[in-house]
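What follows is a short report on a single structure.
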Amino acid sequence: MWLRPGLREAPLAAASRPRSVRRRKRAAPLVFPQPAACNRVCANDSVFMALIYQLLRVLVLGVTAAAGDDVPITWSWSAQNASLPCVVPEWTRVQPRRPPPPLDDELSRARPFVWYRLAATREEVSPKWVSPNGTLEVARRSGGAEGVYQCAAALPGGHVLGYPVNLKFSHIGKQFLKPPADTIAYLGQPFSIPCRISSGPAASISWTRDGKPLPQNYRYHVLESELLILDVKNEDVGAYRCTATNPIINKSRTSPEGRVRVQQSIEEEPSFLPVRVNEDIAVPGGSRVVLPCPASGWPRPKLRWEFTPPGQKPAELESTAEVLVLSSLAKDQEGVYTCSLEDYFDIVKSFNVTVTEPVVITLPPVSKDATRASTVRFNCTASGKPEPNVTWYKNGEKLTLAGRRNLRSSVDRLRLELVISGVTSDDAGVYQCFASNGHSSASRWARLNVTGAGADAPRDVRCAPVGAATVALRWLPPADDVMAYTVDTTPTDKHGGVITGQPHTNTEEIIKVREPLEPYLFQVRAYIPASTKKNIASDMSESVLCQGQGVPIKLSKLDDDKILVSWKQFAEQTPGVVEWILQYKPDDGEEMTVERNVTLAARVTNYTLTAPGSQPLLVRLLGSRSSEWLPQNLTLVPWTSSSQDADDGEVKLIPQDLEAVEVTEKGFTLRWRCEDSPRYTFLVCVRKIDGNDYCQESYDTSAKIEGLQPDSKYEVRVQVRVPGMALGGAFTAPYHVTTLPKGPHRFKDLKYKYVNESTIRVSWSDAPARYTVYHSAELKMPVEKWAAVEVVGNTALITGVQQTEDTYVMVAGYDPDGHSSVITVPQQVGSIEAKDLEYSYSSSGVCVRWNGTGPREVHYTQDIAQPVESWAVVNVTGTSVEITNLNPGPVFVVVTAAGSRRRYPTPLTIPERPADNFYYYLGIGLGCGACALCAVAGGALCLWRRAKAKRTPQRSRRTHTTSAEGNEEDGSEMRML
């Protein structure tokens, strides 16, 4: 039985940009390198977020390489015709082969080149305008037109696209759209003379005054469509003419003259002189960029320029010129340039200057061979500025990224890859990627060859719904010896990936899909045993489209012959249904009985049927998320019998766990718990003590009570009821709630806590409700200009908090309106007083140390008379810094938090390094050392002599006492001897 709208019945019953901040001038800061580990972690995180952003941009925007807005204009060299060569990436790899001679039965033969015109649809250009070498001839007179063209070169098994060409015919108008005219200029003021003409490409403009070329000086600036004269003088009187020349077709036009008179300036309010200029400038590096910001008014206003690099704070430039010229644009000059008038902060003009970089494919796709059922990945990583969009093509046709073909991040999360899962024979071909950023483009391509033995796919695949999120599949086997089958499920919303089921040997399968009432595509693959160890995977079967059907319903008896059919819970859990069809038929056991259909709007969630006890009904409900119902076989969708599943309407449930939340002066929210709550409604009765009951119905397990008196006590009861019936269960026991009194009882205990370095959590003790949390680093700024966070609850996260600044927070509430006092979240990283600094002399300067973490600015000078704003600055992230290249004399040092605008602490005074008496003290040291050595040597010698004397034995000698005579005799004897 196939679903058709059928008979319709009337329902019987249905329940129903910030302002720039001027900074102090200071010396160029020195930035110390960060640790390499931190750089790697931050780089990986940014790359991953960039991959997510690129994936969402490709999937959501669907940017194509051949879109006219994304292809730079190519101007013809002639005003009447153009020749477009077929420029194919990697032409040396293409090498189109000469086709063989046609056979007798062939009407035509393949063409090596095909051209298309890309408009709302892709239209093939007649082959008669394509030459054998692939050049396309486009002529205005023969029916050719401007637009985007793209060629394709034939390859074995596919096509390779050439670079798209956005063709425009060169031209220049015969008349000026706005020529110079007689006018008056005022002395000392800026002044512009128009010279506008239609030209493609833009004409080059030259000017004459009284027939002579203008002098070359700072006061004259030739803009694209006007002449800007700064600081008008009496010598500027004269007749001005402009000459516009188209540089391609070499045609010129000379305007009529316009006379300029000069008068004295009169008092006038300051303003910017309107000039035609592009405020978003994207040019390659080295280009000349002119930023005109002429200010008129008398007395003459003072102009100032601010420059804001990407991701940094604004800084004031020294230039005060009304035309800022960047003669050779460099990378560090990229950012936002803002000119403003002093004392007139509401008069502001900004220019966004971007340095473009050509698109380069750094990791191109590589040709691959793959077997069936395998997964293939193709890389196409491109760089450039602005960031290029990457679009994939297969055999010259744009590739739809859905199902088995999707973009996924690589294993290292550094790039996006084209992933083809479950490869089939149809996936073979030429895959080509285009990367374009509106200024340039690049393309590379690769072949995919599907190899290996093939096998027949399963046949006659059929599907039928068996539930709201369940379908049944059946098929015929392709061979007798199939080892296993797998089923691929693909959503039809173009954004989901394919899901491959588990292998099994059956020829049928019950599949549960992710989203109920959503259509899905189903394909079956077979695996055949082979003589080799590797099995053979077949191609995918023909796809079948099927969606779940059969909404869960509840049947309840109302009266003797009434049945209430309800599906409120499913409707709330499944948003997006646009129509319901309620089907019912007699429960008489006859399968051929024709059912009756009742079509209901999406907002209807219950319906009443007449079903006497003697004549029960079979009921089922169908739903559709589209106004066009998908034809399906509904045989397997189950029916529900009113005789078996409907209850008698008696209610025995009592709500449990009553709780009052969000209590205010005039009301509160009551919550409770009840089993099988989707089947019932609830009656909530509120009564003031010694007052009357006020009751309201609720379809959920909560109710909001309003209109109460402040500082009053109320009694609340809840009853369970059957929808559409007056019958209900017993009431709960009374639950007492007291409303809040009038007065400043809100925003109590307002406090904060740091979550990380740049995020704080603010909380307060008031009842959860809708609040606005305002925060700012400028207390004097009006609260209306503070950053705001909308929350529902009594806590909020504030991100982007600067560690070096105080943050001021205020919470505002509604119903009734009110706000908290302002609390101050002190800065985490502050200035360091001189007493907390330590210093020491190093070989090349002075080393200063402190305690505490966070980025710091170290200001130092040797001239204390200079203001701190002009001191030299060193940016550091550690807890010390070495100051070098100092002159003789003291050094004065101030350490503050990076970017802090608070007062500067008292400087630390480091005295001059003491006089260097190194050699003097060295001589004294050497002398003392020599004396000490001599003393040690003398002492050692004495000790040695004593020790030697102790070791030598003493000999005894006799003493003779004789007379003189005796001595003489002895002497005589000795002499005689």
Side-chain angles (χ1 to χ4, degrees), residues 51-68 70 114 116 118-124 148 150 152 155 157-161 164 365 368 370 372-380 382 388-409 415-436 441 443-448 450 457 487-500 513-515 518-523 525 539-547 625-626 630:
L51 289 177
I52 297 300
Y53 167 74
Q54 179 72 0
L55 177 60
L56 292 177
R57 183 167 58 169
V58 171
L59 294 180
V60 175
L61 298 180
V63 179
T64 61
D70 203 28
V114 180
Y116 301 96
L118 308 179
T121 59
R122 192 172 77 165
E123 303 173 357
E124 184 176 345
V148 179
Q150 191 171 27
L155 280 178
H159 287 80
V160 175
L161 292 174
K368 297 181 178 181
R372 294 167 184 83
S374 62
T375 299
V376 174
R377 293 175 176 262
F378 285 113
N379 294 311
C380 187
N389 298 318
V390 177
T391 309
W392 282 94
Y393 292 80
K394 178 192 174 186
N395 294 334
E397 300 286 342
K398 188 173 183 299
L399 191 62
T400 300
L401 299 176
R404 297 186 299 106
R405 304 183 185 97
N406 271 303
L407 290 179
R408 300 178 188 172
S409 59
R415 59 187 179 275
L416 288 177
E417 298 176 331
L418 172 64
V419 179
I420 306 173
S421 58
V423 171
T424 68
S425 300
D426 294 337
D427 293 325
V430 176
Y431 289 83
Q432 184 177 9
C433 65
F434 273 90
S436 177
S441 61
S443 178
R444 299 293 288 270
W445 56 273
R447 285 189 181 93
L448 174 61
V450 179
V487 178
D488 282 5
T489 305
T490 307
T492 57
D493 58 3
K494 305 299 183 185
H495 299 302
V498 63
I499 300 175
T500 301
V513 296
R514 183 175 302 173
E515 294 292 335
E518 280 284 356
Y520 286 81
L521 288 172
F522 300 93
Q523 291 179 294
R525 188 195 296 271
D539 286 326
M540 301 300 295
S541 67
E542 294 291 333
S543 60
V544 292
L545 182 64
C546 195
Q547 75 177 39
R625 295 175 182 260
S626 173
L630 179 66

Report task. Return the set of residues passing salt bridge (Lys or Arg N to Asp or Glu O under 4.0 Å) with Glu542 (not counting sequence neighbours), or none when no residue passes. Result ->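 Glu542: no salt bridge (Lys or Arg N to Asp or Glu O under 4.0 Å) contacts found.
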Query raised in the report: Which residues satisfy the salt bridge (Lys or Arg N to Asp or Glu O under 4.0 Å) test with Arg514, sequence neighbours excluded?
Result: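 By the salt bridge (Lys or Arg N to Asp or Glu O under 4.0 Å) rule, Arg514 matches no residue at all.
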Among all residues two or more places apart in sequence or in another chain, which pass the side chain to side chain donor-acceptor pair (under 3.5 Å) test with [X]?
| X | result |
| --- | --- |
| Thr500 | Asp488 |
| Gln547 | none |
| Thr375 | none |
| Arg405 | Asp427 |

Query raised in the report: If you look at every heavy atom in Asn379 and Trp392, which pair is closest and at what distance?
Result: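 Reported closest heavy-atom pair: O-CH2, 3.9 Å.
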**Report entry** Heavy-atom pair with the smallest gap, counting every atom of Val430 and Gly158
**Finding:**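 So the minimum-distance heavy-atom pair works out to CG2-CA, 4.2 Å.
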Of all residues at least two apart in sequence or in a different chain, which pass the side chain to side chain contact (heavy atoms under 4.5 Å, CB included) check with [X]?
| X | answer |
| --- | --- |
| Ala428 | Val450 |
| Val114 | Arg111, Tyr116, Glu124 |
| Ser443 | Pro89, Tyr163, Gln432, Phe434 |

Report task. Identify, with sequence neighbours excluded, every residue that meets disulfide bond (SG atoms under 2.5 Å apart) alongside Cys546. Result ->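 With neighbours one apart ignored, the set is empty.
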Query raised in the report: Which residues satisfy the ring-ring contact (aromatic ring centres under 6.0 Å, His included) test with Tyr431, sequence neighbours excluded?
Result: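 ring-ring contact (aromatic ring centres under 6.0 Å, His included) check on Tyr431 returns Phe378.
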